[in-house]
Amino acid sequence: MGAIEQALREKLAAQKPRSEPTFEAKELWQAQPGATDIFAALRPRQLCAILLDDNQFRLRHLTAKIASHKMLLEQCAEYARTHGHFASAMLVQQTIVPRSVSGEVNKLHASISKITPTGLQDLNRFTAAIERMEAWQAMESSQQCLVDLLEKGACQQTIADHLSLDHFEYVAALHFAAQAFSSLATTAADHDPLASNSPQLVDAVNGRSCLSQSGSAGRRFILQVAEKVQHPLHRLFWPKYDLAKLEQAYVKPAQVEENTGDGSFRATVLAAQEKLQAPKEGQTTIDAAHLQALLDAGGLASAVILEGKTIANALVSIYEHLDGPIRAASKGIDKAKTERAAANQQRQHAQNRHDNARRGREQATEQRQQAEKAQQAAESQQRSAQAELDKRRQALSEAQGLENVTRGKLAAEARPMNIRLHGMSIEQLRSMLIEHFGELRLMRRSAAKAGGYYIFALSDLPLDIQRTIRAYGEVLDGQGNLSASSNARTANRQNLPSESADHMVAAMPENQQTARLIKALNRHKNARMMAEQAESIASQINAERAAMVHAATQQVVASRSQQTALDSRMKQAQELAQTAQKEMQLADQRIQELARTVEAGQRNLYFQTLNSGAFSMAVLSLEMWNLFAEWEAQESTKQTKGSARAGFGTMSAIVDTAIAFEMLAFKMKDANRFSVYVRKIRWTLNPEKLPGFLGRTLGEKVVTQISVRLLVTAAASIVMAVVCIMDAIHAWQWGDDAVWGFGAMAAGAMLGAIAPFFGGSSALFGLSPFSLAALVLIALGAGLVFWLSSTQLEDWLECGPFGAEPRDYLTDDTQEAFYRLVGIFAGIRIAIEPNPYFKPDAKLDRNEAAELRTLSSANTRIRISSNLPGLLAQMGDVSIHPETRLRSSEIRYRGNGDPLPATVTVHNPDPVTQRILPDGRELYVHTPPARRWTGNLRDSSLHHQWQVRAQLRLALDTGEKVCRPGALVWLFPAPPIRSGKADPAKATAANFNKTNEPFWADEKTHAES
């Protein structure tokens, strides 16, 4: 571990400018002049060393090793942050690299195949994963060795011997013992700045994992020592106490405790040192010398002690080193128990689902076998099923009863244990520091507020947080079982624990000096936090304003260019309309009737279905939907695949729609002239010359009569082939496996272009061989595209800094790469649902909170949530900018009941109220009542639909950059990866007529599932 620490130190030092000369650690390894050692006289007797079993030295060594591991983790984090793509690497390391998360299979791990071996090595290097894993394992091993040492009787006796000293040496020995004790309270993940979200580290190259357990051996040892009064170390660290006396002021003992030599806790000896300064003379023990140096340097200065060099600061440090580990250990053990219980519950649920599925299969098999039996067998089966259901209900009731009993036992044990542990620490604190904490006591919160006492951690909170909030109703768990109830009778019947709102608190008189000092410090801290928060909000507002000004300027320029383009398009549209009108007049003159030839194959059901008008109408509707979809996605296609691809895609949709329209017109009597014109034979080929060009077999199959429709059909296939080829090239450029699907579709389209010129038929559907091959290839290609198309995450991994096809805008701009990666994991969700708090005929209740009264007046709730507040918590606050619109459709009906075109009206009502959540925001709105048609022609139907557009913003002050203002604003949802570099400055206003627009989330694309 020392080599790793030295290497990291050298790398960090090489990246920082040296303002002054530094000491080189390599000098320690240089050769020193020879000297005679103390074992020279013993070496003839073959004695080269003497092994001394020094437990105190072992304690210092292990404590120092644990401290060095903590420093090493900080150095690893500092080294990782020096890499440009550190943030992106951390997100990939935590979400994609692990094979399992929380005991479940990680579905995102399959995307790791898109990362190259070099990219996997970069992930480990950018996150310092290997170094951190070594530090984790070394720290866990050192803590285990320290626990094993402290459990030995010899080591416990050594600690007791050192705690049998007097005066300042006793304080120093207790301070060191408390330090060694506190080094067991935390795990490696607690000290790793990069492991705030997950206690797991995974090697991206070989998949090796390292897990930091919440219930570590050190935490279990701490709770064992603190909870068991008979433990040999318990009497060394804590005094004897009585819970009843904790509600009164501390009474100083009349006599000084005698030093019996067993190292027991002596509060009077410590209290006698409270007002003294550190001794000036030299100390004889290492602990005393170390504590003396700390006090002289002010290294133990406490906020509650006015003089920074008194021994009282060391006593406060002893209390912190002993009370802090108990809190951390309790929290970690409780977390481990919760995780273990959740894992057991998940395993039980999985087992129950498996059993239910097995029973369901068995019941389905039994029902299928008994389906042909008589009614008596069915009734018997029903009775057996009812009996089975009664058994399950009884088993469920017994399980609920067992769970309630277990919950009651745990609840009964939790409160006395916490009071006892905290009371033990409070008694220790006030017995050591009588002058500062002698008035500290435990009391009921109501008595403390009424008696003029200062309540620690509560008196300085804002009034709205201090105010007691009483909730009414019932709380159910995930299975629908009752977990808590405000009704005392219901709680007693279900054996639920009843908690009083008047809890025990730590308090002291307000006029006491320590209480006044702590109150002043907290007020100063609160004022500073409020000032920093106000400054942060102001800077964020300024950044957003700068971004809005820049965006407005860009929008003005874009609107002017769009207006010019629209004028030119209007002129072109007018010219095209005139040309189309002339062509329609010519077409009306040339239309002739076509004679239909009824063949034997037309009597076939398959042919009749394909030849029916309903099928033609369905094909035309499908092509019209495809045309509209292609037209709406034209801008997005231009950004991702280019203008040529967008143009060919629109052209293909138009040609296909025209062919579908001609098919429908051919089956309509009123449009036969158009079909005659299109299907009229325009060119005739010489059948005698075709075998010379194409061979005898193909020459006999060639169609000799060419019409306009046949050429248009071939042209549509050619355009489709061009589109598929362009999509295949685009997929190949981005490393997308869907290139095989697009290739198959292109081959099928080329065969489809050849098929109209050749006759013949096959046994399947009566199609020609070319048509059948084209149909098979296109269907196969569509399936491959659906199956092999890359997701947004796979595109980022393939073309990002760790992929095989890196893109400049993702590799050169580290912020852009992280922004696009976070956009993939944003998880924006919009839900429009009935308001669960809505009360249609609510009465005025004075006891009801004003906020709840406002919530109950709205009948609809719009919830906007995302993962961004958790992902970007360290970078700033994510603001949500929602926009809503109410679309009302009124439909009137004809005499025969057919509906007329709907009359659409749009409203923009303001929300009744809003509520900010940790992961988003809730809008409470009022939806007018809908109305159905009654059948009366004077009446109409009325329907309402909410449309939501939401934009999430994060303002970053990064300074001036090229082509960017000083404020960099990230807008979510981010554009697709293949659209190139994102420019939030070009974001437009919310458009309620389009969905799936960049930088705007809507209720359809981002609907909560």
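Note that the numbering runs from 1 along the sequence shown for the chain.
Remark: R58 engages H61, L62, C145, L149 in a side-chain contact (heavy atoms from CB on, under 4.5 Å) (not counting sequence neighbours). Evaluation of the side-chain contact (heavy atoms from CB on, under 4.5 Å) rule for E74 yields no partner, not counting sequence neighbours.
Here the closest non-hydrogen pair linking A195 and W136 is CB-CZ2, 3.6 Å. The two residues A178 and I318 make their nearest non-hydrogen contact at CB-O, 4.2 Å. The two atoms that bring L72 and A135 nearest to each other are CD2-CB, 3.9 Å, heavy atoms only. Listed here is the closest heavy atom pair of H234 and A226: CE1-O, 3.2 Å. In this structure, D296 and A278 approach most closely via the heavy-atom pair OD1-CB, 4.0 Å. Residues Q200 and S209 share a closest heavy-atom pair of NE2-CB, 4.1 Å.
A side-chain donor-acceptor contact under 3.5 Å links R235 to the backbone of D262. Between the side chain of S164 and the main chain of G263, a donor-acceptor pair closer than 3.5 Å is present. A donor-acceptor distance shorter than 3.5 angstrom exists from the side chain of Q143 to the backbone of T186, with no hydrogens or angles considered. Side chain of S141 to main chain of Q137: no donor-acceptor pair is present (N/O by atom type, distance under 3.5 Å, no hydrogens or angles).
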Tell me, with the steps shown, if V269 and H167 meet side chain to side chain contact (heavy atoms under 4.5 Å, CB included).
CA-CA 7 Å; V269 177; H167 307 300; 5.6 Å; no

Could you walk me through whether M139 and H191 pass the side chain to side chain contact (heavy atoms under 4.5 Å, CB included) test, one step at a time?
CA-CA 10 Å; M139 183 173 178; H191 295 279; 3.7 Å; yes

Output, in order, the C-alpha distance, side-chain angles, deciding distance and verdict of salt bridge (Lys or Arg N to Asp or Glu O under 4.0 Å) for D287 and R60.
CA-CA 10 Å; D287 298 335; R60 289 194 181 91; 2.8 Å; yes

Please lay out, stage by stage, how S182 and L322 fare under the test side chain to side chain contact (heavy atoms under 4.5 Å, CB included).
CA-CA 6 Å; S182 64; L322 292 177; over 6 Å; no

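Contact annotation: the side chain of F176 never approaches that of L163 to less than 4.5 Å [non-hydrogen atoms, C-beta and beyond]. Between L315 and L174 the shortest side-chain heavy-atom distance does not fall below 4.5 Å. Contact check for T284 versus E169: side-chain heavy atoms found under the 4.5 Å cut-off. Counting heavy atoms from C-beta outward, L150 and Q156 have side chains that stay 4.5 Å or more apart. Put simply, the side chain of L295 reaches to within 4.5 Å of the side chain of F168, judged on heavy atoms. Counting heavy atoms from C-beta on, the side chains of V225 and F221 come closer than 4.5 Å. Inter-residue side-chain proximity for H290 and Q283 is flagged as unmet; no heavy-atom pair is nearer than 4.5 Å. Contact annotation: the side chain of L146 approaches that of S183 to within less than 4.5 Å [non-hydrogen atoms, C-beta and beyond].
S212 and E140 are not linked by any side-chain donor-acceptor pair at a separation below 3.5 angstrom, with hydrogens and angles left out of the test. Remark: the D190 side chain and the T187 side chain contain an N/O donor-acceptor pair separated by less than 3.5 Å.
For the side-chain contact (heavy atoms from CB on, under 4.5 Å) criterion with W238, the lone passing option out of L233, I326, D323 is I326.
For I286, the CD1 atom sits in a loose shell: 12 or fewer heavy atoms of surrounding residues, nucleotides or ligands are nearer than 6.0 Å. Surrounding CD of E258 are at most 12 heavy atoms belonging to other residues, nucleotides or ligands under 6.0 Å away.
In this structure, F265 has its ring center at least 6.0 angstrom away from the ring center of F237. For H175 and H321, the ring centers are positioned less than 6.0 Å apart.
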